[in-house]
Each structure stands twice: as structure tokens, then as C-alpha cells.
Amino acid sequence: MPSWAPAIGLTILPHVGGIAGGLITRQEVKTWYTTLVKPSWRPPNWMFGPVWTTLYTSMGYGSYLIYKELGGLNENAVVPLGLYASQLALNWAWTPIFFGAHKIGWGLVDLLLLWGAAAATTISWYPISRPAAYLMLPYLAWLTLASALNYRIWKDNKDKSE
């Protein structure tokens with residue numbers, strides 16, 4: 001395998017779920033999402049695409065730094081990359097839960113679990129590669145905002161979910 005392949009592959013990997021989720025979101029933003037009461041402080045819809053592209057690229061490259069520092073997929077990588085994989089799976093699950101199934105409350109549960117998994121990932125990465133851990137900080141900040149937004153939408157739209 002060429003030496004550049006893991007860097008490209010791991011940097012691109014998070015985008016797979018993002019693209020799949022985007023297909024669900026694109027339709028629902030124009031229909032169901034418009035019927036929801038949303039707080040005035042929510043980011044504009046156009047902002048989500050560029051933010052997620054940046055966050056997915058950052059976390060993907062961070063995972064490559066961990067992979068590289070630990071010498072690939074081996075027993076030393078099980079915890080840091082396993083935590084990363086778990087938070088990525090939770091990340092990818094949110095869109096089908098919230099936008100696909102219209103389960104706003106379950107979306108919040110997923111986001112809270114995701115925040116915990118992303119924080120655990122960041123903590124586990126810090127002693128291995130500080131730059132990789134730092135690349136996760138904007139993601140944690142965005143997840144905090146997303147959790148607050150999801151909570152507020154759930155609270156204000158209990159009649160339109162579950």
C-alpha cells in the first residue's frame with residue numbers, strides 16, 4: 001500500500017457518513033424541518049455543510065495521526081481508534097434518527113452519547129498526539145451547540161416527535 005493511502009483514506013472516511021446523511025437531510029430540511037419551532041440563535045442552514053466538511057476532515061486527519069503514531073492498526077490502537085470508531089458510528093446515526101425517523105428526543109440521546117464518546121476519544125488521543133487531540137476540540141464545541149439546539153427543538157416540538 002502506498003504510504004499516502006492511510007492519510008487520504010482516514011481523512012476521507014468520516015465524509016462517507018456525512019454524504020449519506022446529507023441525502024436524508026437535503027429532503028427533510030425543505031419539508032419536515034421547516035414545520036419545527038427553532039430557536040433564534042440557531043446557525044443558518046447554509047452553515048452546516050461547510051462546518052461538517054471541516055469537522056469531518058479534521059477528525060479524519062486526527063485519526064490518521066493516531067494511526068501513524070501507533071504504527072498502524074495494532075493492539076496499541078484498539079482503544080484510541082476504537083473510541084474514534086464508536087463516536088463516528090454515533091455521529092453517522094444521528095441524521096437517520098433525527099431527520100429520517102423524526103425522533104427528536106432519541107436524536108438528543110444519540111448526541112449526548114456521541115459527545116461522551118468524542119470526549120473520551122480526545123482524552124485517549126492526547127498522550128499519543130496532541131495535535132490529533134486538538135483537532136477534536138472544534139468538533140466538541142460544535143457537538144455542544146448541536147446538543148443545545150437539539151434539546152431546544154425537542155422541548156419546543158414535543159408534539160411533532162416520537
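Just so you know, these numbers come straight off a predicted model, no measurement behind them.
- Residues satisfying the ring pair (Phe, Tyr, Trp, His ring centres under 6.0 Å) criterion with Y33, sequence neighbours excluded, are F99.
- Between atom CG of residue L55 and atom CE of residue M136 there is a gap of 9.5 Å, rounded to the nearest 0.5 Å.
- Across all their heavy atoms, L65 and S129 have their closest contact at CB-OG, 4.0 Å.
- Taking both residues in full, the closest heavy atoms of G72 and A77 are given as O-CB, 3.6 Å, listed atom of the first, atom of the second, then distance.
- Counting only heavy atoms from C-beta outward, the side chains of Y126 and Y134 approach each other to under 4.5 Å.
- Aromatic ring centres of F48 and W52 lie farther apart than the 6.0 Å criterion allows.
- The side-chain heavy atoms of W142 and V51, taken from C-beta on, include a pair separated by under 4.5 Å.
- Grouping the Ile, Leu, Val, Met, Phe, Trp and Tyr side chains by contacts below 4.5 angstrom, directly or via other members, places Y84 with L140.
- To the nearest 0.5 Å, atoms NZ (K155) and CG (L108) are separated by 12.5 Å.
- Note on I123: it does not cluster hydrophobically with L88, by side-chain heavy-atom contacts below 4.5 Å among ILVMFWY residues.
- The two residues L90 and A117 come nearest to each other via the heavy atoms CD1-CB, 4.1 Å.
- Contact record, P43 with L149: CD-CD2, 4.3 Å, taken as the closest heavy-atom pair.
- W46 and I19 are not part of a single hydrophobic cluster, where members link through side-chain heavy atoms under 4.5 Å apart.
- The aromatic ring centres of Y64 and W4 sit 6.0 Å or more apart.
- In this pair, W154 and Y151 present their aromatic rings tilted. The plane angle is within the 30 to 60° band.
- Between L70 and L81 the shortest side-chain heavy-atom distance does not fall below 4.5 Å.
- Without hydrogens or angle criteria, W92 side chain to P14 main chain gives a donor-acceptor distance under 3.5 Å.
- The backbone N or O of K38 sits nowhere less than 3.5 Å from a side-chain atom of D156 that would complete a donor-acceptor pair.
- Checking side-chain atoms of S124 against main-chain N and O of T121 turns up a donor-acceptor pair under 3.5 Å.
- Between atom CD of residue E69 and atom CG of residue N76 there is a gap of 11.0 Å, rounded to the nearest 0.5 Å.
- Through direct or relayed side-chain contacts under 4.5 Å between Ile, Leu, Val, Met, Phe, Trp and Tyr, V78 connects to no other residue.
- Counting heavy atoms from C-beta outward, L145 and R42 have side chains that stay 4.5 Å or more apart.
- Here the CG-CG distance, from N91 to L143, works out to 7.0 Å after rounding to the nearest 0.5 Å.
- Note: the hydrophobic cluster containing Y56 does not contain I12 (ILVMFWY, side chain heavy atoms under 4.5 Å, direct or indirect links).
- You'll find the side chain of S63 reaches within 4.5 Å of the side chain of W125, heavy atoms only.
- I66 and A132 make their closest contact through CD1-CB, 3.8 Å (heavy atoms, listed as atom of the first residue, atom of the second, distance).
- Note that the CD1 atom of I153 and the CD1 atom of I104 stand 7.0 Å from one another [nearest 0.5 Å].
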Verdict with reasoning, W94 to N150, per side-chain contact (heavy atoms from CB on, under 4.5 Å): CA-CA 11 Å; W94 183 84; N150 194 148; 2.9 Å; yes

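- Residue V16 is not grouped with residue I8 when hydrophobic side chains (ILVMFWY) are merged at heavy-atom distances under 4.5 angstrom, including chains of intermediate members.
- Two residues are said to be in side-chain contact when any heavy atoms from C-beta on lie closer than 4.5 Å; L10 and Y61 fail this criterion.
- Within the 4.5 Å cutoff, no side-chain heavy atoms of V109 are placed close to those of I97.
- The distance from atom OG1 of T34 to atom CD of E28, rounded to the nearest 0.5 Å, is 9.5 Å.
- Smallest separation of non-hydrogen atoms from I128 and P80: CD1-CG, 3.7 Å.
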